[in-house]
4 protein chains.
Amino acid sequence: MTVIKVLNEGYVRLVDHMGSDLTVVNSARVSYAKQSLELDERDKKLIKFLAREGHTSPFRHAIVQFEVYAPLMVARQWWKYVVGSAHYEGTGDSLDAWNESSRRYITEDPVFYIPQAGEWRSKPENSKQGSGERLAWELGEKHTRELMDFIESGIAKYEAALSDGICAEQARLFLPAYGMYVRWYWTASVQSVAHFLAQRLEHDAQQEIQEYAKAILELIRPIYPVSLEQLVPDLKKEG
Amino acid sequence: MTVIKVLNEGYVRLVDHMGSDLTVVNSARVSYAKQSLELDERDKKLIKFLAREGHTSPFRHAIVQFEVYAPLMVARQWWKYVVGSAHYEGTGDSLDAWNESSRRYITEDPVFYIPQAGEWRSKPENSKQGSGERLAWELGEKHTRELMDFIESGIAKYEAALSDGICAEQARLFLPAYGMYVRWYWTASVQSVAHFLAQRLEHDAQQEIQEYAKAILELIRPIYPVSLEQLVPDLKKEG
Amino acid sequence: MTVIKVLNEGYVRLVDHMGSDLTVVNSARVSYAKQSLELDERDKKLIKFLAREGHTSPFRHAIVQFEVYAPLMVARQWWKYVVGSAHYEGTGDSLDAWNESSRRYITEDPVFYIPQAGEWRSKPENSKQGSGERLAWELGEKHTRELMDFIESGIAKYEAALSDGICAEQARLFLPAYGMYVRWYWTASVQSVAHFLAQRLEHDAQQEIQEYAKAILELIRPIYPVSLEQLVPDLKKEG
Amino acid sequence: MTVIKVLNEGYVRLVDHMGSDLTVVNSARVSYAKQSLELDERDKKLIKFLAREGHTSPFRHAIVQFEVYAPLMVARQWWKYVVGSAHYEGTGDSLDAWNESSRRYITEDPVFYIPQAGEWRSKPENSKQGSGERLAWELGEKHTRELMDFIESGIAKYEAALSDGICAEQARLFLPAYGMYVRWYWTASVQSVAHFLAQRLEHDAQQEIQEYAKAILELIRPIYPVSLEQLVPDLKKEG
């Protein structure tokens, strides 16, 4: 399995990968000029040790590449992680490559994320971020309908602007962009992906990005089982 | 002057800076353990030589910090530059720090970029990106009104969603986000800013980001006159 | 005070800096569009919170620049930190700029680090790295003399090679380079410097680099007192 | 072939790689949601276009991993490239992972680079860096012998220091380190490797590092033939 569907229209696809848990072990042991060909108990202990002591550079030699299709608001939070910026995110790592489609060109028809009646969430009780309980179905249904109407009207105005000759880069002002799907390629090291997972699997991360983080995890856990178990706190607790 | 207004509600503010053209010269000359205290002709020649030969690392020791307030679509293109990603942008530099406000919290009232009647641009004749001539005033007026109505309706729905108890991170789906202003701090080296300017002052960059690039340039040109003249192609042509 | 002497001939010089603890606070608060002009208790709490939660990006907007003169073996360990590489070091941060003198050019006379009689250390009892007790004075004296002779003989051969017309880039094979002083400029964020300090002030870091780390700390602690206290574990314990 | 011998005792080994020229094409075309499965003329034109316009980010999704065994002086120049630092090198790219053996541990016996009688080079006529003609054989023979003696004496003193109980991290001061072999893992994108090749294949790069650059090129050229031809100036001239 290399593609996992996420939300109403999104997905994550594992495009390629390089290495395995052995890559980590061999990169760490360069000092000793010894190569493992199969992962044994000593190797597992070494991975544990590296993760525990924060010696994460050997995890940078194992690489994965994804294609992601997600609403812009998810893409923005993902980017912020990559830029290492928003203050609740905090890494400066830049191992990552990122290539994304652009609305400055007219390419594909815009596709939108629209929460279904039962998928709207209330605001959390004791926190400034995140979300709480599900909203009542009827109320949700109302807002789903409102959003569908609003998007439809936005698309109509967007197309009217285009057919009046307005350039695509301005016409897009009519698109309710937070929910619009964008597509990108992301190449990153296992260290970097594990850091992303550690933050995005957290219960106070936005629900929608948690869904993507779970798909990412499912796709690569069989490839780097020991490394991910040691680097991602949620998996470590299970372990 | 440390603040320059851009578009209808945006601005760029120079928050702080470190160094001058001398910083570049002294960083390059570390080999010779010689310090210049005033910029003379030999120093200018050295800066020219460094820029011409692509020896740009000495320009990384001079640092500037900005606060920017710009529509999300401008912020996204800026980020892409920082992540070094979209294929027409292409740098992998990550000297930059970036801290941005987030719509996951309810903080300030949303403010939007709305092109005036005379500010809409037509699509370019022979290119897939960028924009061409100004649109006729009457046509522009129509779309300005359309956009104002659309934004007003989006805000009303956004507020209705909030008051029905929907969490901010989902309610924002109702905001026509491309035109919504966001605010961020950007700290970057002169090398990095010059690279940004080289790309964003280009005539095929989106008009709106060109305005921001001009403001950035105006704020720092007096501080690093020789370096910028050598690193930014448009200034070099003038020179 | 902007220069601190280290080892027999080395030093660290604070060349320049940008910002203060306030920079961190204001970069973090960009969300709220509020600026502090003086550091109060709420600001200190925010810095504590950011450091504790690992939201370190606001610390990347405060920048320092050093000139360092240190033995090559110290420079190498420093670089490894910057490249984020050796497995006991483990960061991928690359905010840093680095410009260094080169022995491929004949520039200055080579200068060497030579431990004095009382400065040689024995190998540690229970560890593969680091060092233990001081060596007996007499034994130390012997090795100091041996090293002085060896260096002298290396320099003589190096100069003979040069005067026989051998290029500098090969002649340097005769220099006992680990102890040879090199000079460089290092520009880095407070986040990056704090990470360096956290690792290099550790008792199992090489003694010689610990001396440099102490000098770095002494030079910048007055400028960013709260941030450093929160980011560097050793200072936090004191606090 | 995955290992190429370099100098008297060194080598480069291709440990792993991810992707091909197709990776570049598909990463660039994410905008169009089209995938190439085989490289055709249109794809080659796209690679040419990307390289010519400096849109290098798609080349960051193709990754290679090497093990290198080289004299410390070669390793240092390589690192400087990775840190993006020495002023004649000038990139700020940090896609790279690097894990290296350390002399702070006693691990392997030290091995040294010793130019043979016919391999010493004279200093260049009109340049401060690089090298010129070969030295006369007799003169070379003399310096080869001198260097062998010097290294032998350094090793003897190093071992005496160790057996007197001096810690490895200080005992290494006796090793003529510039010529001593070190071993490391390097993982980097094709963009980054091409930039390294562009600089290190140049005639004024140190001869010894040119040898390593040639080995790197030989190992990966069959994997990314079109990309390398477009990104490395020397190959472009041939083409």
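Chain letters run A, B, ... following the sequence lines, proteins first and then strands; every chain starts at 1. Note: hydrogens, waters and symmetry copies are ignored here, and every other heavy atom, side chains too, is used. No experiment lies behind these values; they were computed from the predicted model shown.
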Restricting to non-hydrogen atoms, name the atom on A:M180 and the atom on B:Y178 that form the minimum distance, rounded to 0.1 Å.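 In terms of heavy atoms, the two residues are closest at CE-OH, 3.2 Å.
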
Is there side-chain contact between [X] and [Y], with heavy atoms separated by less than 4.5 Å?
X: A:F112; Y: B:L173; answer: no
X: A:H143; Y: B:K157; answer: no
X: A:R121; Y: B:E169; answer: yes

How long is the span from the CD1 atom in B:I151 to the CZ atom in A:F174, to the nearest 0.5 Å? 8.0 Å

Could you check which of B:C167, B:G165, B:P176 has the highest count of heavy-atom pairs closer than 4.5 Å to chain A?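 Counting heavy-atom pairs under 4.5 Å, the top option is B:C167.
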
Hey, are B:Q170 and A:Q206 close enough side-chain-wise for a donor-acceptor pair under 3.5 Å?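 No, because no side-chain N or O of A:Q206 sits under 3.5 Å from a partner of the opposite role on B:Q170.
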
Against chain B, work out which of A:G140, A:G179, A:A171, A:A161 has the most heavy-atom pairs shorter than 4.5 Å and name it. A:A161

[X], part contacting chain B, at a heavy-atom distance under 4.5 Å:
X: A:L72; answer: side chain
X: A:I166; answer: both
X: A:E119; answer: backbone

Distance flag, aromatic centroids of A:F150 and B:F150, threshold under 6.0 Å: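 Ring centres of A:F150 and B:F150 closer than 6.0 Å.
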
